[in-house]
Amino acid sequence: MNEIRFHNTLSNRLEALAPLHPGEVRIYTCGPTVYDFAHIGNFRTFVFQDILRRFLLSRGLRVMQVMNLTDVDDRIIQKAAEAGVSIREYTEKYIEAFLADMAALNLQAPEEIVRATDHVEDMVDLIERLKEKGLTYESEGSIYYRIAKFPEYGKLSKIDVGGMKAGARVDNDRYEKDDARDFALWKAPKPGEHFWETRIGPGRPGWHIECSAMAMKYLGETLDIHTGGVDLTFPHHENEIAQSEAATGHPFARMWMHAEHLIIEGEKMSKSLGNFFTLRDLFMKGQKPSTIRYLLLSVPYRRQLNFTGDSLKQAEASVERLRNFVTRLKTEGFAAGSNAKIEKLADKAEEDFDAGLADDLNTAFSLAAIFDLVREVNTAMDRGEFRQQDAPRIVAAMQKFDPILAVLNDDDADKLAKVGFVPKKPRMNAEAVEALIEQRNVAKKRRDFKKSDEIRQQLADSGIILEDSKDGSVRWKYK
RNA sequence: GGCGCGGUACCCAAGUGGUAAGGGAGAGGUCUGCAAAACCUUUAUGCGUGGGUUCGAUUCCCACCCGCGCCUCCA
């Protein structure tokens, strides 16, 4: 098997994965800020992270992944106040929605999903450590990190912060800082705002400190991989490095992996452009979970992904092709015996699939390996060169791919129902479908094709596709 | 301006110093009562532009153009 190599933002090159604790990969994943429903762009990043962990698991590695939920920040405080509820109550709804959305997209739950507000103590501890080392200062009740004390600042984003002058920019926080580059570790409470009473005074945590504190609590002072969207590289991850490494004296994350953004119809997604989609928006429009997951995983994570109506159609058709193939394998009858060539095709596909992923999660390459297999096996079937005993081998290959792709085995409607999305019009149940198919069979026997075609059309209007096979049996599926 | 990602057929997209994977879509064909599914053929003498290195470059070097992101607590 090929060596696993990932692109490390820190070195800006491909590096072999070498976990600190052999056999186990410790990953920290920047999760969502739960002030609203997560959008499709967020899920592009989360799908990348899911592919990452699933691939590592497929290699027999243990994965310890921690994902945070940022459940306290300016927006949350403001919105909760507007709604007249506590931060906890306000975020609960969006956390539940996020977990449901994850399940809908077949995103495996990380080993730990942790909330910032459950870890204020850990953050206070970390801030105290920084304080003892003389890396902080206080101003109007807030505590800041003094960037000037961390010479390596900027090593991740390669941003030369030397030019940024204090007061040169509008400070969104409207707190007084000595240097524009400095960031808040702890924010003094504003009147009427929710705050924590702690050893370092009343207030609430800054954004960056939660990730450092929680990552180190669950994964140790040095983790193997830290992931997030490209936009987090600066300042968020840069600040995490500054805080963590200054406090411990050890490297914080050995490898940083960042997912490129998703754009919509060639444009940046934004609320003002009206191209801002949540998952539920897409489900309401009739998009299937498998379609969305496939589209998000089919473009390698370091490439910008253009999310368009056309690309959704293409993704849906691709998933359909794969599913049709599996159905054919399982339902069609083949002549007895086996064909050594088929075994080789399966071996090659499995090898290539894995090699693609090992090469910085090149999902496009891996998918091509699968489609090569699909085409070659279909051809062999059509030519009568595929035998009964070949089927289990190919089914096994497909079942080897799906723990990573996770788009083959689910029934989309069931999936949606399970996570609480109810389609606008209910599907025709299986009994009704079978009954109509039987009527059509009778008509066909009489060679009353007008009638049989009417029935087929009737089913098609209800989203049922029929496939007549040579032996007279009829396969059907929901569109 | 700085940092980063990218510009490959109608669309999505892989890729290598030696002559362009895969998927979708279109066209034609096989199969079928007709469909669906599947298969076959077909759609880039060319991979943003201009130079250079080389026997040979889409792949290496230089310059330039264009798109996008970050540099403002947006994945």
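Below, chains carry the letters A, B, ... as their sequence lines are ordered, and counting in each starts from 1.
- A donor and an acceptor atom, one from each side chain of A:Thr70 and A:Glu210, are located under 3.5 Å apart.
- Residue-level contact check: A:Pro32 touches neither bases nor backbone, having no heavy atom under 4.0 Å from any strand.
- The pair A:Asp281-A:Lys285 does not meet the salt-bridge criterion, since no charged nitrogen lies less than 4.0 angstrom from a carboxylate oxygen.
- Scanning for side-chain hydrogen bond (donor to acceptor under 3.5 Å, both in side chains) contacts around A:Glu3 gives an empty result, with sequence neighbours left out.
- Distances from the side chain of A:Arg303 to the nucleotides B:A75, B:G69, B:A14 place B:A14 closest.
- Counting only heavy atoms from C-beta outward, the side chains of A:Thr29 and A:Gln65 approach each other to under 4.5 Å.
- OP1 or OP2 of B:C70 sits under 4.0 Å from a side-chain N or O of A:Lys268.
- Both A:His7 and A:Pro300 lie close to RNA chain B; mapped to their nearest nucleotides by heavy-atom distance, the more 5′-ward contact belongs to A:His7.
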Please tabulate the protein-to-nucleotide N/O contacts below 3.5 Å involving nucleotides 24-31 of chain B, giving atom names and distances.
none

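- Contacts of residues 457-467 of chain A with RNA chain B (heavy atom under 4.0 Å): A:Ile465, A:Leu466, A:Glu467.
- The distance from atom CD of A:Glu332 to atom C1' of B:A36 is 14 Å, rounded to the nearest whole Å.
- One finds a salt bridge joining A:Asp468 and A:Arg440 here, because a Lys/Arg side-chain nitrogen approaches an Asp/Glu carboxylate oxygen to under 4.0 Å.
- Between A:Asp453 and A:Lys450, no side-chain nitrogen of the basic residue sits less than 4.0 Å from a carboxylate oxygen of the acidic one, so the salt-bridge criterion is not met.
- Aromatic rings from A:Phe183 and A:His208 are positioned such that their centres are separated by under 6.0 Å.
- Relative to the side chain of A:Asp372, the nucleotides B:G33, B:G7, B:G22 differ in distance, and B:G22 lies closest.
- Contact check of residues 374-387 of chain A against RNA chain B (heavy atom, cut-off under 4.0 Å) returns A:Arg375, A:Asn378, A:Thr379, A:Asp382.
- Taking a pair to require two hydrogen-bonding distances under 3.5 Å in either a Watson-Crick or a G-U wobble arrangement, B:U41 pairs with B:A27.
- Under the side-chain hydrogen bond (donor to acceptor under 3.5 Å, both in side chains) criterion, A:Lys400 pairs with A:Glu350, sequence neighbours left out.
- Checking B:U53 for Watson-Crick or G-U wobble geometry (two distances, each under 3.5 Å) identifies no partner in any strand.
- In summary, A:Asp461 and A:Lys479 do not engage in a salt bridge, as defined by a charged side-chain N under 4.0 Å from a carboxylate O.
- A salt bridge between A:Asp411 and A:Arg427 is present, with a side-chain N of the basic residue lying under 4.0 Å from a carboxylate O of the acidic one.
- Look at CZ on A:Phe98: it is 10 Å from P on B:A75, rounded to the nearest Å.
- A:Arg75 forms a cation-pi arrangement with A:Tyr35, by the criterion of a distance under 6.0 Å to the ring centre and an angle within 45° of the ring axis.
- Rounded to an integer number of Å, the gap from A:Glu316 CD to B:C11 C1' is 16 Å.
- Phosphate contact (OP1/OP2 of B:C11, side-chain N/O of A:Asn306, threshold under 4.0 Å): absent.
- Ring planes of A:Phe353 and A:Phe401: tilted class, angle from 30 to 60°.
- In this structure B:A75 sits in no base pair that meets the Watson-Crick or G-U test at under 3.5 Å.
- Rounded to an integer number of Å, the gap from A:Arg456 CZ to B:U32 P is 15 Å.
- Side-chain to base pairing of A:Asn12 with B:G4: no donor and acceptor N or O lie closer than 3.5 Å to each other.
- With hydrogens and angles ignored, no donor-acceptor pair closer than 3.5 Å exists between the side chain of A:Arg328 and the base of B:A37.
- Between the CZ atom of A:Arg447 and the P atom of B:C34 there is a distance of 10 Å, given to the nearest Å.
- Base contact: A:His261 has a heavy atom under 4.0 Å from a base atom.
- Figure legend. B:G2 is base-paired to B:C70; pairs are counted as Watson-Crick or G-U wobble with both atom distances under 3.5 Å.
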Please list, one pair per line, the donor and acceptor atoms closer than 3.5 Å that link side chains of residues 96-110 of chain A to other protein atoms, with sequence neighbours excluded.
| unit_1 | atom_1 | unit_2 | atom_2 | d |
| --- | --- | --- | --- | --- |
| A:Asp101 | OD1 | A:Arg280 | NH1 | 2.7 |
| A:Asp101 | OD2 | A:Arg280 | NH1 | 3.3 |
| A:Gln108 | OE1 | A:Arg53 | NH1 | 2.6 |

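- Between A:Glu320 and A:Gly31, the one whose closest nucleotide on RNA chain B sits nearer the 5' end is A:Glu320.
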